[in-house]
Amino acid sequence: MSTEHVLVTGGAGYIGSHVVRQLSEAGYRVIVYDNLSTGSAEALVHGETLVVGDLEDTGKLDGVFRSYAPAAVLHFAAAIVAPESVSDPLKYYANNTANTLRLLQACVRHGVGRFIFSSTAAVYGFPEGGIAAESSPTVPINPYGTSKLMSEWMLRDTALAHGLRYVALRYFNVAGADPQSRMGQRTPEATHLIKVSCQAALGMRQGVSIFGTDYPTADGTGIRDYIHVEDLAAAHLAALAYLEREGESDTFNVGYGRGSSVREVIRVVREVSGIDFPVTEAARRPGDPGELVARADRIRNVLGWEPKFDDLQTIVADAWRWERKLAGV
Ligand SMILES: NC(=O)c1ccc[n+]([C@@H]2O[C@H](COP(=O)([O-])OP(=O)(O)OC[C@H]3O[C@@H](n4cnc5c(N)ncnc54)[C@H](O)[C@@H]3O)[C@@H](O)[C@H]2O)c1
Ligand SMILES: O=c1ccn([C@@H]2O[C@H](COP(=O)(O)OP(=O)(O)O[C@H]3O[C@H](CO)[C@H](O)[C@H](O)[C@H]3O)[C@@H](O)[C@H]2O)c(=O)[nH]1
């Protein structure tokens with residue numbers, strides 16, 4: 001049990017709010033810094049302190065560091081829509097790269113020693129054989145991935161120069177919701193397959209398009225490593241504990257190391273919901289790799305992370321329950 005303050009940027013968002021809840025339950029005193037551009041104060045369920053502010057506002061950020069002297073910073077705040085990053089790249093370099101720079105400068109000014117960073121499998125682009133290890137080449141194919149990779153580099157160099165230790169977590173396909181439906185993915189226009197399929201089952205969308213049926217995979221559709229947001233959140237607590245026991249700075253994939261195809265996901269959403277929503281076959285979505293699965297042994301070995309929800313049925317059931325609650329049905 002820790003009584004230290006930790007600062008969580010983007011803590012009112014989808015992933016951050018799950019981590020915030022788990023941190024509170026573990027005894028941390030959590031300060032959330034969020035501009036509520038996509039996040040919601042309702043996602044903070046244990047009365048955590050919310051400072052509504054933008055990372056660009058370094059004056060406000062400095063005030064937070066002065067008031068709470070956080071022992072650690074967990075950095076989720078970002079713009080996250082990969083296709084939008086192609087049409088508006090500077091938004092991504094501003095909000096993801098430049099704002100991470102501002103946050104790191106504040107950490108150095110205030111002597112913060114521990115930092116956890118939300119990175120993404122998008123840093124790998126199209127990995128050889130569809131499987132990415134942490135040592136695989138980082139060749140992002142869109143500005144979103146590049147903005148995150150640049151942040152990883154700044155973090156690495158800052159750590160070396162200023163005695164800060166960090167863990168960068170490269171998330172694969174995050175899905176599902178709090179098993180008690182207190183929080184989940186709120187953005188109605190989200191494009192993620194499991195959310196879209198649940199919305200289709202609820203009749204909120206006309207159906208689901210399968211983007212590409214001619215990939216060199218067993219059923220021709222794209223394969224991804226879907227990870228339950230609750231397990232992903234637990235990885236952050238494992239990372240924080242690792243830094244607290246003086247672990248060295250490091251970067252880890254967070255996935256299960258096992259892929260599911262688009263057809264499998266749709267079949268499970270139909271089964272779980274009991275609703276046979278329309279599915280159409282469409283062309284490949286530009287920039288989509290056929291297969292993207294994590295090599296995921298390092299995080300288990302080094303951080304001691306053990307997933308508890310490694311099952312597509314469970315992920316979909318929790319996503320489905322949340323989506324119904326959000327829709328009020
Ligand atoms: N969702 C995924 O599948 C996925 C996959 C890989 C990596 N990630 C990373 O995880 C992190 C969280 O993603 P999410 O899915 O929870 O997204 P989200 O949009 O729900 O959360 C982002 C949060 O950051 C806040 N925010 C954004 N810009 C800000 C700024 N300038 N100042 C202060 N607050 C700001 C938003 O209001 C929101 O609460 C991001 O860094 C994202 O790149 C997400
Ligand atoms: O309506 C849809 C939506 C998705 N897909 C397919 O389903 C799979 C998963 O697509 P998502 O949009 O759910 O997720 P992505 O794999 O494209 O990307 C997500 O995971 C990446 C990391 O792996 C990045 O973090 C990225 O930001 C995040 O959106 C892909 O094969 C995609 O082509 C469909 O067939 N129809």
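Whatever order the structure lists ligands and atoms in, that order sets their numbers, starting from 1. Throughout, residue positions are numbered sequentially from 1 according to the sequence presented. On a predicted model such as this, the values are computed, not experimentally measured, just so you know.
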Using heavy-atom distances, let me know which of [options] sits nearest [atom].
atom	options	answer
atom 18 (O) of ligand 2	Val293, Thr217, Asn173	Asn173
atom 32 (N) of ligand 1	Leu55, Asp34, Asn173	Leu55
atom 44 (C) of ligand 1	Leu74, Val174, Ile15	Ile15
atom 22 (C) of ligand 2	Ala121, Ala78, Ser85, Ala190	Ala121

- Query: By number and element, which atoms of ligand 2 are closer than 4.0 Å to a non-hydrogen atom of Val262?
  - Reply: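 What qualifies from ligand 2 is 6 (C), 7 (O), 31 (O), 35 (O).
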Would you say [X] has any N or O atom under 3.5 Å from an N or O of ligand 2, going by distance alone?
X	result
Asp288	yes
Leu193	yes
Phe211	yes

Nearest-neighbour protein heavy atom for [atom], which is reported as residue plus atom name and distance:
atom	value
atom 12 (C) of ligand 1	Phe76 O, 3.6 Å
atom 29 (C) of ligand 1	Asn35 ND2, 3.3 Å
atom 19 (O) of ligand 1	Thr38 OG1, 2.7 Å
atom 43 (O) of ligand 1	Tyr144 OH, 2.6 Å

- Do Phe115 and His162 make the cut of ring centroids closer than 6.0 angstrom?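 Phe115 vs His162: aromatic centres not under 6.0 Å.
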- Task: For Ser181, check side chain to side chain donor-acceptor pair (under 3.5 Å) against everything at least two apart and list the hits.
- Result: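 For Ser181 there are no side chain to side chain donor-acceptor pair (under 3.5 Å) partners, ignoring immediate neighbours.
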Relative to ligand 1, is [X] under 4.0 angstrom through side chain, backbone, both or neither, heavy atoms considered?
X	answer
Ser119	backbone
Ile80	side chain
His75	neither

- Item | Gln185 heavy atom under 4.0 Å from ligand 1 |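 No.
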- Query: Can Thr9 be said to touch ligand 1, with heavy atoms closer than 4.0 Å?
  - Reply: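 No, Thr9 has no heavy atom closer than 4.0 Å to ligand 1.
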In plain terms, say whether [X] and [Y] are close enough for a salt bridge, that is, a side-chain N and a carboxylate O under 4.0 Å apart.
X	Y	result
Lys195	Glu323	yes
Arg258	Asp225	no
Lys60	Asp62	no

- Proximity of Thr221 to ligand 2 by residue part, where a heavy atom lies under 4.0 Å: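 Looking at Thr221 and ligand 2, no heavy atom falls under 4.0 Å.
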- Task: Could you tell me whether some N/O pair between Ala77 and ligand 1 is separated by less than 3.5 angstrom?
- Result: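 No - when backbone and side-chain N and O of Ala77 are compared with those of ligand 1, no distance drops under 3.5 Å.
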- Before signing off on this row, confirm whether Ala79 and ligand 1 have an N or O atom pair separated by under 3.5 Å.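 The answer is no, given that Ala79 and ligand 1 share no N or O pair closer than 3.5 Å.
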- Task: Could you pull out all residues at least two apart from His18 that satisfy ring pair (Phe, Tyr, Trp, His ring centres under 6.0 Å)?
- Result: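 In terms of ring pair (Phe, Tyr, Trp, His ring centres under 6.0 Å), with neighbours along the sequence ignored, His18 is linked to Tyr14.
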